[in-house]
Protein chains: 2
Amino acid sequence: MSIRNPKQALFEQFAAVAKGLGNPQRLELIEQLAQGPRTVEALAAKLSLPVANVSQHLQAMRRAGLVTSERDGKFVRYQLADASVLAAFAAIRSVAERHSAEVERVVRGYFDRRDDMEPVSREELNALISEGLVTVIDVRPADEFALGHLPGALNVPLSQLEERLSDLQPDREIVAYCRGPWCVMSFEAVALLRKRGFQARRVEDGLPEWRAAGLPVETPL
Amino acid sequence: MSIRNPKQALFEQFAAVAKGLGNPQRLELIEQLAQGPRTVEALAAKLSLPVANVSQHLQAMRRAGLVTSERDGKFVRYQLADASVLAAFAAIRSVAERHSAEVERVVRGYFDRRDDMEPVSREELNALISEGLVTVIDVRPADEFALGHLPGALNVPLSQLEERLSDLQPDREIVAYCRGPWCVMSFEAVALLRKRGFQARRVEDGLPEWRAAGLPVETPL
DNA sequence: AGTTAATTCAACATAATCATTGAATGATGC
DNA sequence: GCATCATTCAATGATTATGTTGAATTAACT
């Protein structure tokens with residue numbers, strides 16, 4: 001171990017946190033954990049990765065101070081260490097958004113008709129919900145919905161949207177949301193709904209941001 | 001390059017940004033560049049690093065979208081890509097600070113009750129061991145114990161202490177040690193033992209200091 | 001106590017990152 | 001053109017990250 005001055009030690013700590021974020025799988029884990037605490041097994045299933053691999057990533061993230069774990073019966077439940085982790089993720093995302101032509105290209109694929117895809121802001125949606133003017137659908141899988149969702153939201157996982165169109169009132173505007181600003185499910189949901197003649201928009205970000213902003217969340221149990 | 005869906009491509013971009021921040025030297029470069037544009041040479045002088053090394057770091061950061069460069073006469077001047085880079089740096093730092101603050105808080109919590117925790121000095125413990133008056137337990141994990149420990153010490157990793165209390169004689173004083181003066185495991189061990197009615201103290205420091213003082217160490221093999 | 005299931009560990013192969021060296025490039029000024 | 005200097009490139013070796021496999025732990029249940 002080499003001799004380090006305090007400043008170098010400090011920067012090594014910072015770098016360790018950044019390294020913890022420096023892997024696409026780990027970022028996906030963070031996106032999942034932003035929805036709520038998860039077991040290793042559940043995360044491995046979500047990402048379609050070997051359990052041991054996920055376990056190692058989670059331990060690396062725990063060493064970096066990004067997540068915490070606690071035993072719950074025969075499971076170990078991981079969760080984000082605190083809100084600053086999501087803030088760091090958002091900051092990273094922001095840098096990528098501004099400077100990556102690749103990101104731009106991918107996003108533009110969904111935003112082709114950008115004018116039509118103008119998102120609803122959190123504040124605007126909160127007002128619309130209070131006045132009962134819109135149908136809010138949560139297009140995430142049912143397990144994520146069960147752990148918390150927007151007040152009054154209807155869970156229609158993207159995979160089932162097509163079959164469940166009849167559950168939706170055709171004369172009300174529909175607002176769709178999913179995991180976060182880069183979650184593509186809400187883009188696809190809005191695209192599908194419009195193709196079927198619905199008036200639909202997406203929320204500018206997802207449940208984690210909504211929760212972080214202190215807006216009301218329905219959490220069963 | 002493997003086939004990626006749009007989501008994976010996005011997360012790889014985000015991860016690339018985080019990787020660009022995942023090195024202490026690069027973070028120091030960002031700190032310097034936060035003051036204003038700098039040439040490669042100036043940065044190399046500031047960090048006392050080879051110019052070629054700094055040049056490579058800067059190029060890596062440019063690929064990640066963290067900095068931009070422009071030629072200025074015979075110099076190349078680098079600068080931060082935009083304010084979002086500093087925001088990301090601050091977010092990373094915030095995670096690290098909360099993480100280490102947590103550690104600091106825990107340690108301080110143990111040291112606050114110092115009076116109750118009067119430690120045994122090395123010399124005193126050496127005498128107690130010679131006279132066979134105490135049970136010495138090593139609360140480090142088994143692998144560390146295997147590489148050397150105090151003479152006659154019993155390895156009871158902190159995580160197993162609760163279940164192995166029956167291994168300990170209730171009428172003998174117990175002395176616990178671990179890695180060093182800042183290792184909290186022996187604090188926790190003593191706290192637990194006292195709660196269960198044992199007379200217990202901790203050693204003022206750990207095995208490395210014991211060994212450095214020239215006192216006897218049992219090393220298997 | 002033994003069994004089962006979830007998680008972690010250990011060991012390995014592969015790949016990426018890092019610092020160092022010396023040579024190559026590109027712009028400047030004589 | 002030619003020399004000079006800042007920067008970049010290329011090659012090397014050392015270190016660290018990554019994913020895979022199967023075994024070892026751990027806690028709950030019988």
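Below, chain A is the first sequence line, B the second, and so on; all start at residue 1.
- The distance between atom CD of A:Q25 and atom C1' of C:dA15, rounded to the nearest whole Å, is 14 Å.
- In terms of phosphate contacts, B:H57 brings no side-chain nitrogen or oxygen within less than 4.0 Å of OP1 or OP2 of C:dT17.
- Whole-Å rounding puts the A:R38 CZ to C:dT7 C1' distance at 18 Å.
- Qualifying salt bridge (charged side-chain N to carboxylate O under 4.0 Å, His left out) partners for A:E41, counting only residues two or more places apart in sequence or in other chains: none.
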Listing time: all N or O pairs from protein to nucleotides 2-8 of chain D that are below 3.5 Å?
residue: D:dA6; atom: OP1; partner: B:E41; partner atom: OE2; Å: 3.3
residue: D:dA6; atom: O4'; partner: B:K74; partner atom: O; Å: 3.4
residue: D:dT7; atom: OP1; partner: B:V40; partner atom: N; Å: 3.3
residue: D:dT7; atom: OP1; partner: B:V76; partner atom: N; Å: 3.2
residue: D:dT7; atom: OP1; partner: B:V76; partner atom: O; Å: 3.3
residue: D:dT7; atom: OP2; partner: B:E41; partner atom: N; Å: 2.7
residue: D:dT8; atom: OP1; partner: B:Y78; partner atom: OH; Å: 3.0
residue: D:dT8; atom: OP2; partner: B:S55; partner atom: OG; Å: 2.8

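- With rounding to whole Å, B:E163 atom CD is found 15 Å from C:dA1 atom P.
- In this model, the phosphate group of C:dC18 is approached by a side-chain N or O of B:N23 to a distance below 4.0 Å at OP1 or OP2.
- Protein atom CZ of A:R26 is 8 Å distant from nucleotide atom P of D:dG19, rounded to whole Å.
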Criterion side chain to side chain contact (heavy atoms under 4.5 Å, CB included) on A:L207 and A:R179, from CA distance to verdict: CA-CA 6 Å; A:L207 183 71; A:R179 292 172 181 142; over 6 Å; no

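- B:A44 pairs by the side chain to side chain contact (heavy atoms under 4.5 Å, CB included) definition with B:V51, B:V54, not counting sequence neighbours.
- Comparing A:K19 and A:P50, the nucleotide of DNA chain D nearest to each residue sits closer to the 5' end for A:K19.
- Across the protein-nucleic acid pair, B:R63 atom CZ and C:dC18 atom P stand 10 Å apart, rounded to whole Å.
- Between the side chain of B:R26 and the backbone N or O of A:A15 there is no donor-acceptor pair closer than 3.5 Å.
- Annotation: side chain to side chain contact (heavy atoms under 4.5 Å, CB included) contacts of B:A52 (sequence neighbours excluded): none.
- Distance CG (A:L21) to P (D:dT18): 12 Å, rounded to an integer number of Å.
- Listed by chain and residue number, B:E162 satisfy the side-chain hydrogen bond (donor to acceptor under 3.5 Å, both in side chains) test with B:R196 (two or more places apart in sequence, or in another chain).
- To the nearest angstrom, C1' of D:dA24 lies 13 Å from CD of B:Q160.
- Look at CG on A:L29: it is 12 Å from P on D:dT18, rounded to the nearest Å.
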Indicate every side-chain donor-acceptor pair of residues 75-84 of chain A with a distance under 3.5 Å to a residue at least two apart or in another chain.
residue: A:R77; atom: NE; partner: A:D72; partner atom: OD2; Å: 3.0
residue: A:R77; atom: NH2; partner: A:D72; partner atom: OD2; Å: 2.8
residue: A:D82; atom: OD1; partner: A:S84; partner atom: N; Å: 2.6
residue: A:D82; atom: OD1; partner: A:S84; partner atom: OG; Å: 2.4

